[in-house]
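By convention in this document, chain letters (A, B, ...) are assigned in the order of the sequence lines, proteins followed by strands, and residues within each chain are numbered from 1. As the structure is a prediction and not an experimental result, all values here were calculated from the model.
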Amino acid sequence: MSSDTRFDPASADPRWQKAWEEAQTFRADSDSPKPKSYVLEMFPYPSGRIHIGHVRNYTMGDVLARYKKATGHEVLHPMGWDAFGMPAENAAMEKGVHPGGWTRNNIEHMKAQLKRLGFALDWSRELATCEPDYYGHEQALFIDLYEAGLVYRKESEVNWDPVDMTVLANEQVIDGKGWRSGAEVEKRKLNQWFLKITDFAEELLEGLGSLENWPDKVRLMQENWIGKSKGLQFSFDLSNGEKLPVYTTRPDTIFGASFVAVAADHPVAQAIDSEEARDFIALCKRGGTTAAELETAEKLGFDTGITAKHPFTGADLPVYIANFVLMDYGTGAIMAVPGHDQRDFEFATKYGLPIPRVVAPNLDEAGKPFDGEAEAGANDSGAVIVNSEFLDGMSVEDAKREIIRRIEKQGLGTGKTVWRLRDWGVSRQRYWGTPIPFIHCEACGVVPARKDSLPITLPEDVDFQTPGNPLVRHDTWKHVDCPKCGGKAERETDTLDTFVDSSWYFLRFASQPADKPFDAEEVAKWLPVEQYIGGIEHAILHLLYARFWTRALAHMGQIEVKEPFASLFTQGMVTHETYSRKEGGKTVYYAPDEISREADRALLSADGGEVEIGRVIKMSKSKKNVVDPDTIIDSYGADAVRWFMLSDSPPERDLPWSEAGIEGCSRFVYRLWRLFSAHEGSAQGEDKALDRKTHQTVAAVAEDIEALGFNKAVARIYELTGAVEKAAPSASRSAAIRTLVQLVAPMMPHLAEEAWAGMGMEGLVADAPWPEVDPALLVEDEVTIAVQHKGKLRDTLTAPKGAAREDLEAMALASEKVQRSIDGAEIRKVIVVPDRLVNIVT
RNA sequence: GCGGGUGUGGCGGAAUGGUAGACGCCGGGGACUUAAAAUCCCCUGAGCUUUGCUCGUGUGGGUUCGAGUCCCACCACCCGCACCA
């Protein structure tokens, strides 16, 4: 192999990509006898261009997929497109293009970008959720769910833009106004489709326990999201003669209730016949619907004049309408205990309501007043109930049980488990989504489409210049005959939430029959996904919905698997510093390619002016701190880009992009190439130390890849590279070079193939088995022992591995440095950790 | 507001409760070269009275022979919050 030829990614990358494609190297064979490994990364939304975050995500999955293949697995590593969504409709409105054309163009472009990175993907299984051969099956599954009783319709609120006459997503509501029109957004009730995810609340919660290979944080987040709580539901008798059911998780504090509050939507609130009440309810309805907005908003209330009778004290408590009470949780009404709930405390303070203490550190402090907000809602562990008649002196837990017992005995209510999880609203009043396969008939009501009429495809002839959902005004599409009575009927014009599309795509990857959503036998072969990789932003919604959908299918007997993703990994974002300067009072941002970066300053290439280097933050278009994968592949080649994605930062943490970093990676690619080029198959002689290093590295890199610790694997490879470079020619060194090629092959596949071929090795390195490790070479026979005195390192000594405690102690005490430190003091204790350290205590 | 996470040199980070800073980047010095690029070698946490000593893992406490790691309290920043994907 000639050493003066430089590795040229521009020619090598496409050459090897073609070779893999022609050999069908990464095609998954479901009939293979090998153990199966399904490696999946969250599929991208085709926004137009691959984002560097995708590159990081798919590179990680790719390394694992290639490693799994090398270790004897039949690997399924597919790719597809989460292709429905709002941006396509926005593009249609802004640029006058069709959402379908825009989306398909984007897919084509992004697919080409992915191919340039040399990912080991089985493109024969590619799918796009916007195609009828995908969403038609989704419609069938939706009807199955309906027939299984898991789909229903109910009224639900949406953000309504009165100017654009359209429903807005939460992200389209900015400070309570429509993002395009600027009009004050209203809340409006629509009849919408829901999936009964709450039927599975208990299962989804318990299932988390089996997901040992999910990050604890994600499991915890889902647990909190599902939010199982045990409490008490009971009714107050109201002064108007009605009963008001309330739910509380703190029945032990019932004697601390000083008022009652209902949500603005609550029937009690709605029934108040006064101008002021209606105005107040309207006030509550303004602004966004998100939890964050509701809970950070100033606490507001309206005294209804109604009172509620306390079931034990008989006191008349005022009933307020309050903007912080949620209609969706519990009964939409609460007993408010300002002494022991932060929100109630704020409210009571504002409206001058009493704040009684019913929990105290001990009985002696029962009279202690609240000295401020800090105490409200504080941790009550170890505390006792006070000022609460028959509950006085009980622990919080005992008091809960006692109150529930008494309330049940008196027939006022019952202990009840309540979930924070709400049913999944899947209706979207938009064109670019899966049409919900139902028909509204005047005579028969809501009727599912006949399965043989699927797919119900989206009409192509739509325009987006008129506000609102084009499906609603598309007469030929909308008007159909009722599948039941044959009479006049209309199609449902809502489409499905795109989270539905991503709730089963992993099943469709496993098998793609034309006549059904999936083949149960094929699904059984591949599922669950062995390793799923994606962003932490999906920790709750997508991952919970996919788990639910899988369980619902299992519940209906369509599949066996209950949890779709055996292991989950959530990767960090790619970040970049920002460049900006003030121009005419405004902050103007500049893109990295407009900047020349020096050691501690950055200059604008255009005019040489200095710009401010801002914090390292998530790449975003508005801050212009983005880098384009195509550009960097052009400059450095796919392998350097892939190597950068794996280096330095642990994969779950953010990775700061830097020009210097990618250049370092690029240099390493060429450095390896020089080393590989120097490979001499005929070299003789043994180099035991190098053999040991090589085998240790193989074992460590394998371990690191399996744990997705790519940054650590990278560091090991650097170390081995340095060691091989320094070693004199020998058979061991030649073997080490061949091994190194294989170690980097999952990460830098193009370079590895080029080197593999250059060394005259058979076949593709992508098909080669992972190098074997000789366990005998993993053990060192000498170890370095740290000697501490007073907990600080004083000396190190070399000892044979497994040396006796007494020997180590003697060696440590013999050290001159140690003796100087001890300085004649009395030795009280010597701690010896074999093969590790000796600690002398004086 | 609620829930979750993160915090170690100039920077990214490494470290089963056992030698803090592996590995990479930046920077400094040197070799090679007419010169440059590339490459190679050495140095690179801070301070000091420099054979060595002291300090040092966001802050303050604690447990331990020994704490970046475990416990308690706090601070800062980041992410999610149900119609963004």
- Query: Picking from G18(B), C23(B), C83(B), which would you name as closest to the side chain of Ala715(A)?
  - Reply: C23(B)

- Message: Nearest to the side chain of Asp648(A), heavy atoms from C-beta on, is which of G12(B), C26(B), C65(B)?
- Response: G12(B)

- Query: Are any of Thr796(A)'s side-chain N or O atoms less than 4.0 Å away from OP1 or OP2 of U19(B)?
  - Reply: no

- For the pair Lys299(A) and Glu346(A), find out whether any cationic side-chain nitrogen is under 4.0 Å from an anionic carboxylate oxygen. yes

- Task: Ignoring the backbone of Lys829(A), work out which of U51(B), C84(B), C65(B) is nearest its side chain.
- Result: C65(B)

- Item | Under-4.0 Å side-chain N/O to phosphate OP1/OP2 contact, Arg653(A) with G13(B) | yes

- Closest heavy-atom pair and its distance - Thr493(A), Asn469(A): O-ND2, 3.1 Å

- Note on the structure: The answer to which of Lys299(A) and Ala660(A) contacts RNA chain B further toward the 5' end, by nearest nucleotide, is Lys299(A)

- Side chain of Asn323(A), backbone of Leu300(A): donor and acceptor closer than 3.5 Å? yes

- Task: Using a 4.0 Å heavy-atom cut-off across all strands, classify Gly227(A) as base, sugar-phosphate, or nothing.
- Result: nothing

- Have a look at Ser502(A) and say if it touches a base, only the backbone sugar-phosphate, or nothing, with a 4.0 Å heavy-atom cut-off. nothing

- Please work out if Gln172(A) contacts a base, only the sugar-phosphate, or nothing of the nucleic acid, heavy-atom cut-off 4.0 Å. nothing

- Query: Mind checking the C1' distance from U44(B) to U51(B)? Whole angstroms is fine.
  - Reply: 22 Å

- Which part of the nucleic acid, if any, lies within reach of Trp225(A) when heavy atoms closer than 4.0 Å are counted: base, sugar-phosphate only, or nothing? base

- Task: Describe the nucleic acid contact of Leu837(A) in one word from base, sugar-phosphate, nothing, applying a heavy-atom distance below 4.0 Å.
- Result: base

- Using only side-chain N and O atoms of Arg667(A), determine if any of them is under 4.0 Å from OP1 or OP2 of C26(B). yes

- Item | Minimum-distance nucleotide to Gln788(A) side chain [options: A85(B), A82(B), U19(B)] | U19(B)

- Query: With respect to the phosphate group of A15(B), does any side-chain polar atom (N or O) of Lys712(A) fall under 4.0 Å of OP1 or OP2?
  - Reply: yes

- For the pair Glu89(A) (side chain) and Tyr431(A) (backbone), establish whether a donor and an acceptor sit closer than 3.5 Å, ignoring hydrogens and angles. yes

- In the structure shown, which nucleotide is the Watson-Crick or G-U wobble counterpart of C40(B), with both distances under 3.5 Å? G30(B)

- Message: Heavy atoms only, 4.0 Å cut-off, all strands: where does Val841(A) land among base, sugar-phosphate and nothing?
- Response: sugar-phosphate

- Task: Tell me which nucleotide among C84(B), C79(B), C25(B) gets nearest to the side chain of Glu171(A).
- Result: C84(B)

- Item | Pair Asp497(A) + Arg428(A): basic N to acidic O under 4.0 Å | yes

- Message: Taking only side-chain N and O atoms of Asn711(A), does any of them lie within less than 4.0 angstrom of OP1 or OP2 on G24(B)?
- Response: no

- Item | Any strand: nucleotide that pairs with G52(B) via Watson-Crick or wobble, under 3.5 Å | C48(B)

- Any luck finding a side-chain donor-acceptor pair between Trp214(A) and Gln222(A) under 3.5 Å? no

- With a 4.0 Å cut-off on heavy atoms, is Phe499(A) in touch with a base, just the backbone sugar-phosphate, or nothing at all? base

- Using atom CH2 of Trp643(A) as one end and atom P of C23(B) as the other, report the distance to the nearest whole Å. 14 Å

- Query: Between OG1 of Thr697(A) and CD of Glu719(A), what distance do you get to the nearest 0.5 Å?
  - Reply: 7.0 Å

- For U19(B), does OP1 or OP2 lie under 4.0 Å from any side-chain N or O of Lys792(A)? no

- Message: Regarding Glu703(A) and Lys712(A), does a basic nitrogen lie under 4.0 Å from an acidic carboxylate oxygen?
- Response: no

- Using Watson-Crick or G-U wobble geometry with both distances below 3.5 Å, tell me the partner of G12(B), or none. C23(B)

- Which whole number of Å gives the distance between the C1' atom of A20(B) and that of U54(B)? 16 Å

- Message: Between the base of C26(B) and the side chain of Glu659(A), is one N or O donor paired with an acceptor at under 3.5 angstrom?
- Response: no

- With respect to the phosphate group of A82(B), does any side-chain polar atom (N or O) of Arg422(A) fall under 4.0 Å of OP1 or OP2? no

- Hey, does Asn839(A) reach any base, or is it just sugar-phosphate, or nothing, if we go heavy atoms under 4.0 Å? base

- From U54(B), C81(B), A85(B), pick the nucleotide closest to the side chain of Arg794(A)? U54(B)

- Item | Euclidean distance for C1', U59(B) against G4(B) (whole angstrom) | 22 Å

- Across the strands shown, which category fits Leu655(A) at heavy-atom distances under 4.0 angstrom: base, sugar-phosphate, nothing? nothing

- Message: Which is it for G9(B), anti or syn, if anything within 90° of zero counts as syn?
- Response: syn

- Query: In whole Å, what separates the P atom of G58(B) from that of A76(B)?
  - Reply: 16 Å

- Watson-Crick or G-U wobble partner of A73(B), both distances under 3.5 Å: U59(B)

- Ignoring the backbone of Glu537(A), work out which of G13(B), G80(B), C83(B) is nearest its side chain. G80(B)

- Message: Base, sugar-phosphate or nothing for Ser658(A)? Non-hydrogen atoms, less than 4.0 Å.
- Response: nothing

- Task: Identify which nucleotide among A85(B), G13(B), G12(B) has an atom closest to any side-chain atom of Tyr45(A), counting heavy atoms from C-beta outward.
- Result: A85(B)

- Message: Once you apply a heavy-atom cut-off of 4.0 Å, does Val218(A) come out as touching a base, just sugar-phosphate, or nothing?
- Response: nothing

- Between G12(B) and G18(B), how far is it from one C1' atom to the other, in whole Å? 26 Å

- Message: For Thr498(A) and Asn224(A), find the nucleotide of RNA chain B closest to each by heavy atoms; which residue's nucleotide sits nearer the 5' end?
- Response: Asn224(A)

- Consider only side-chain N and O atoms of Tyr45(A) and Ser502(A), and report whether a donor and an acceptor are under 3.5 Å apart. no

- Rounding to the closest angstrom, what is the interatomic distance between C23(B) and C43(B) at atom P? 11 Å

- Task: Between G66(B) and C75(B), how far apart are the C1' atoms? Round to whole Å, please.
- Result: 28 Å

- Query: Between Arg674(A) and Glu725(A), is there a side-chain N and carboxylate O pair less than 4.0 Å apart?
  - Reply: no

- Task: Could you check whether His538(A) gets within reach of a base, just the sugar-phosphate, or nothing at all, counting any heavy atom under 4.0 Å?
- Result: base

- Query: Less than 3.5 Å between a donor and an acceptor, one on the side chain of Arg430(A) and one on the base of C83(B), is that the case here?
  - Reply: yes

- Grab the CZ-C1' distance between Arg836(A) and A67(B) for me, whole Å please. 15 Å

- Of the nucleotides G5(B), G7(B), C83(B), which one has an atom closest to the side chain of Ala169(A)? C83(B)

- Message: By the 4.0 Å heavy-atom rule, please label Gln192(A) as base, sugar-phosphate, or nothing.
- Response: base

- P atoms of C83(B) and C71(B), separation to the nearest Å: 36 Å

- Query: If you look at every strand shown and take non-hydrogen atoms under 4.0 Å, does Pro650(A) touch a base, only sugar-phosphate, or nothing?
  - Reply: sugar-phosphate

- Message: What's the closest nucleotide to the side chain of Asp82(A) if the choices are C25(B), G52(B), A85(B)?
- Response: A85(B)

- Note on the structure: Separation of U19(B) atom P from Asp835(A) atom CG, nearest Å, is 14 Å

- Across every strand shown, the nucleotide meeting Watson-Crick or G-U wobble geometry with C2(B) (both distances under 3.5 Å) is G80(B)

